[in-house]
Amino acid sequence: TEQASTSGTSITFTDIPAGTKMIVIMLEAVSTNGTSNLLIQLGPAGGIENTGYISSTSTLVPTVTTATSTAGFIMPFASAAWNMHGPYVLILKDSTNFTWVGKGNWIEDGSADGMVSAGSKSLAAELTQVRITSVTPDTFDAGSINISYIS
């Protein structure tokens, strides 16, 4: 079910069914009250995992900027005025080690700013939840987020 990203510092989607092989996280006009980069974090039934990610992101225009994270799949977010649109796709690479790889592309509403991100993460057990938050918890203040998954 789509969730409004208009309050709180994180949005969590739970009850992802066993056997899920791909998840698409869709952002529409998502904004926060700050400038902290967004993070997508994964978790098994035991809880969200916030370490062990290999993730990098780049903003392509007007100038190239980069960031990395071990706390989640990182997505650039440089202005409280930004409204982000685009998908992040997660694919189960290795079901024995619960390893997920991901990539995303976004645009900033009304500008030529484009962003890309990619990474990987091995979980302690099978994935059951996905959380969207930020590096320094900013508060969501606009837009909506939804997920779709394939088993």
Side-chain angles (χ1 to χ4, degrees), residues 1-32 34-61 64-78 82-109 113-140 143-151:
T1 302
E2 181 178 79
Q3 295 190 37
S5 52
T6 54
S7 65
T9 59
S10 68
I11 294 169
T12 304
F13 292 89
T14 60
D15 300 324
I16 296 171
T20 295
K21 307 255 186 288
M22 183 169 71
I23 300 170
V24 180
I25 302 163
M26 299 160 282
L27 284 69
E28 179 185 8
V30 172
S31 178
T32 70
T35 60
S36 182
N37 289 327
L38 298 182
L39 293 174
I40 295 172
Q41 297 174 320
L42 311 179
I48 295 291
E49 296 185 8
N50 60 9
T51 61
Y53 294 81
I54 299 169
S55 180
S56 179
T57 189
S58 296
T59 301
L60 305 176
V61 290
V64 175
T65 59
T66 62
T68 62
S69 179
T70 59
F73 293 100
I74 192 166
M75 303 175 352
F77 208 86
W82 278 15
N83 292 305
M84 303 295 289
H85 301 262
Y88 199 95
V89 178
L90 296 162
I91 300 169
L92 181 62
K93 178 207 164 268
D94 180 350
S95 60
T96 303
N97 295 314
F98 313 107
T99 302
W100 289 82
V101 296
K103 73 176 199 97
N105 304 70
W106 306 273
I107 60 163
E108 193 280 311
D109 195 19
D113 293 348
M115 285 67 69
V116 296
S117 177
S120 67
K121 167 69 173 147
S122 294
L123 298 172
E126 189 167 24
L127 181 131
T128 63
Q129 54 189 321
V130 174
R131 176 170 65 194
I132 299 91
T133 188
S134 55
V135 174
T136 309
D138 293 332
T139 300
F140 287 102
S144 62
I145 302 173
N146 203 353
I147 68 168
S148 176
Y149 48 81
I150 298 171
S151 296

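Positions are given from 1 along the sequence. Quick caveat, the model's predicted, so the values are computed rather than measured.
Formation of a donor-acceptor pair under 3.5 Å by the Lys121 side chain with backbone atoms of Thr51 is found in this model. Between the Ser5 side chain and the Ser144 main chain, a donor and an acceptor come within less than 3.5 Å of each other. Judged by distance alone, the side chain of Ser56 and the main-chain N or O of Thr68 form no donor-acceptor pair under 3.5 Å.
Contact record, Phe140 with Leu38: CE2-CD2, 4.3 Å, taken as the closest heavy-atom pair. Looking at every heavy atom in both residues, Ser151 comes nearest to Pro17 through OG-CG, 4.3 Å. The two residues Tyr88 and Gly119 come nearest to each other via the heavy atoms OH-N, 3.9 Å. Among all heavy-atom pairs drawn from Trp106 and Val116, the shortest one is CZ3-C, 4.1 Å. Residues Glu49 and Gln41 share a closest heavy-atom pair of O-CB, 3.9 Å. Nearest heavy atoms, Met115 versus Glu108: CE-N, 3.9 Å.
Inter-residue side-chain proximity for Asn50 and Thr133 is flagged as unmet; no heavy-atom pair is nearer than 4.5 Å. Counting heavy atoms from C-beta outward, Trp82 and Thr35 have side chains that stay 4.5 Å or more apart. Residues Thr20 and Leu92 fail the side-chain proximity criterion, which asks for heavy atoms closer than 4.5 Å.
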Discussion item. Please determine whether side-chain contact (heavy atoms from CB on, under 4.5 Å) holds for the pair Ile150 and Lys21, giving the CA-CA distance in whole Å, both sets of side-chain angles, and the decisive distance to 0.1 Å.
Written reply: CA-CA 6 Å; Ile150 298 171; Lys21 307 255 186 288; 5.5 Å; no
Discussion item. Apply side-chain contact (heavy atoms from CB on, under 4.5 Å) to residues Leu39 and Tyr53 and explain how you reach the verdict.
Written reply: CA-CA 11 Å; Leu39 293 174; Tyr53 294 81; over 6 Å; no
Worksheet item: Hey, mind stepping through Ser69 and Asn37 against side-chain contact (heavy atoms from CB on, under 4.5 Å) and telling me if it holds?
Response: CA-CA 10 Å; Ser69 179; Asn37 289 327; over 6 Å; no
Practice prompt. Could you walk me through whether Leu27 and Ile25 pass side-chain contact (heavy atoms from CB on, under 4.5 Å), step by step?
Written response: CA-CA 7 Å; Leu27 284 69; Ile25 302 163; 3.9 Å; yes
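Taken to the nearest 0.5 Å, the CD1 atom of Ile91 stands 13.5 Å off from the OG1 atom of Thr99. Taking CD1 of Ile145 as the reference point, atom CE of Met84 lies at 11.0 Å (rounded to 0.5 Å). Atom CD1 of residue Ile16 and atom CG of residue Leu127 lie 5.0 Å apart, to the nearest 0.5 angstrom. Atom-to-atom distance recorded for Ser148:OG and Glu2:CD is 12.5 Å, nearest 0.5 angstrom. The OG atom of Ser120 lies 13.0 Å from the CH2 atom of Trp100; values are rounded to the nearest 0.5 Å. If you take CD1 on Ile74 and OG on Ser36, they are separated by 8.0 Å, rounding to the nearest 0.5 Å.
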